[in-house]
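To keep things clear, I will list the structure first and then write my remarks on it.
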Amino acid sequence: MKLSAAIPIIRIFCVDKAKEFYLDFLGFTLDWEHRFEAEFPLYAQVTRSGLTLHLSEHHGDATPGSGIFIPVEDIDALHKELHAKKYMYAKPDIETVDWGRLLQVMDPFGNRLRFCELSED
């Protein structure tokens, strides 16, 4: 038996806003999109640097307002990259917490992405 990394499912309500945030602002790549029929809700996969997320418009797939914790190396580079983007809804800062350095971003649907460079001690 082998367990693999979990893939968080993030609840979204607007495909355009989700793409603006996850693709344009955070720099993820859209891997695939799925709809059962043309006017049905979207289910999609995005990836960046080994991190995979599923974005879903389907009611019941995930709870709006959820949070995910994402370990990151070189949080300063991520901070610099995000601040260079022309995204008017977020300019996150880095805060120091007991377990490392944290950069928290809220998506347009109230979900929190907590990027954290963990302390070495």
Side-chain angles (χ1 to χ4, degrees):
M1 183 188 83
K2 177 185 174 188
L3 298 176
S4 298
I7 299 174
I9 301 171
I10 305 292
R11 182 75 158 92
I12 63 170
F13 298 98
C14 173
V15 173
D16 291 338
K17 285 284 185 192
K19 287 181 176 181
E20 178 185 27
F21 180 79
Y22 286 97
L23 306 182
D24 300 339
F25 180 55
L26 290 184
F28 281 82
T29 300
L30 179 64
D31 297 331
W32 49 260
E33 295 180 322
H34 175 268
R35 293 178 192 270
F36 286 104
E37 292 184 24
E39 298 300 319
F40 276 46
L42 176 76
Y43 194 91
Q45 177 174 294
V46 297
T47 55
R48 179 176 177 177
S49 183
L51 174 62
T52 301
L53 301 176
H54 284 184
L55 308 177
S56 179
E57 285 186 301
H58 290 270
H59 177 76
D61 267 357
T63 303
S66 294
I68 59 173
F69 185 87
I70 305 163
V72 63
E73 294 178 17
D74 198 356
I75 200 165
D76 292 309
L78 177 61
H79 179 257
K80 182 178 178 182
E81 175 188 318
L82 296 181
H83 274 260
K85 301 277 178 103
K86 303 267 190 258
Y87 186 71
M88 66 185 332
Y89 304 107
K91 293 291 182 197
D93 284 322
I94 297 171
E95 64 179 293
T96 300
V97 293
D98 290 342
W99 51 90
R101 297 175 66 220
L102 186 70
L103 185 150
Q104 182 170 263
V105 184
M106 187 88 65
D107 81 0
F109 319 105
N111 300 298
R112 293 171 312 283
L113 288 84
R114 294 180 176 146
F115 297 93
C116 186
E117 186 171 58
L118 298 168
S119 298
E120 293 187 21
D121 49 327

Handout entry: From T52, T29, D31, residue fulfilling side-chain hydrogen bond (donor to acceptor under 3.5 Å, both in side chains) relative to Q45
Key =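 Option passing the side-chain hydrogen bond (donor to acceptor under 3.5 Å, both in side chains) with Q45: D31.
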Point-to-point distance, once rounded to the nearest 0.5 Å, from [atom1] of [X] to [atom2] of [Y]:
{"X": "L53", "Y": "R48", "atom1": "CG", "atom2": "CZ", "answer": "11.5 Å"}
{"X": "R112", "Y": "I10", "atom1": "CZ", "atom2": "CD1", "answer": "10.0 Å"}
{"X": "H59", "Y": "R11", "atom1": "NE2", "atom2": "CZ", "answer": "7.0 Å"}
{"X": "L55", "Y": "D107", "atom1": "CG", "atom2": "CG", "answer": "8.5 Å"}
{"X": "D76", "Y": "I94", "atom1": "CG", "atom2": "CD1", "answer": "4.5 Å"}
{"X": "N111", "Y": "T63", "atom1": "CG", "atom2": "OG1", "answer": "9.0 Å"}

Practice task
Indicate yes or no: at least one non-hydrogen side-chain atom of Y43 is less than 4.5 angstrom from one of P41.
Solution key: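 No - every pair of side-chain heavy atoms lies 4.5 Å or more apart.
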Problem - Within-4.5 Å side-chain heavy-atom neighbours: P92 and F115 - result: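 When only atoms from C-beta onward are counted, F115 and P92 do not touch, as no gap falls below 4.5 Å.
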Exercise for the section: Hey, can you tell me if F25 and F21 have their rings parallel, tilted or perpendicular (30° and 60° cut-offs)? Expected result: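 Answer is tilted, since the angle falls between 30° and 60°.
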Practice task
Can you label the angle between the H58 ring and the F36 ring as parallel, tilted or perpendicular, going by 30° and 60°?
Solution key: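 The rings of H58 and F36 stand perpendicular, inter-plane angle above 60°.
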Find out if a path of hydrophobic residues (ILVMFWY) with successive side-chain heavy-atom gaps under 4.5 Å connects [X] to [Y].
{"X": "M106", "Y": "F69", "value": "no"}
{"X": "Y22", "Y": "M88", "value": "yes"}
{"X": "F28", "Y": "Y89", "value": "yes"}
{"X": "I68", "Y": "F13", "value": "yes"}

Can you give me the closest heavy-atom contact between [X] and [Y], atom names plus distance?
{"X": "L42", "Y": "E33", "result": "CD1-CB, 3.6 Å"}
{"X": "R114", "Y": "L102", "result": "CB-CD1, 3.8 Å"}
{"X": "E81", "Y": "L26", "result": "OE2-O, 4.1 Å"}
{"X": "F109", "Y": "I12", "result": "CE1-CG2, 3.5 Å"}
{"X": "D74", "Y": "E117", "result": "N-OE2, 2.7 Å"}
{"X": "P108", "Y": "K17", "result": "CG-O, 4.0 Å"}

Handout entry: side-chain contact (heavy atoms from CB on, under 4.5 Å) evaluation trace for L82 with L103
Key = CA-CA 10 Å; L82 296 181; L103 185 150; 3.9 Å; yes
Practice task
Check the side chains of Y87 and D24 for a donor-acceptor pair under 3.5 angstrom, ignoring hydrogens and angles.
Solution key: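 Short answer, no.
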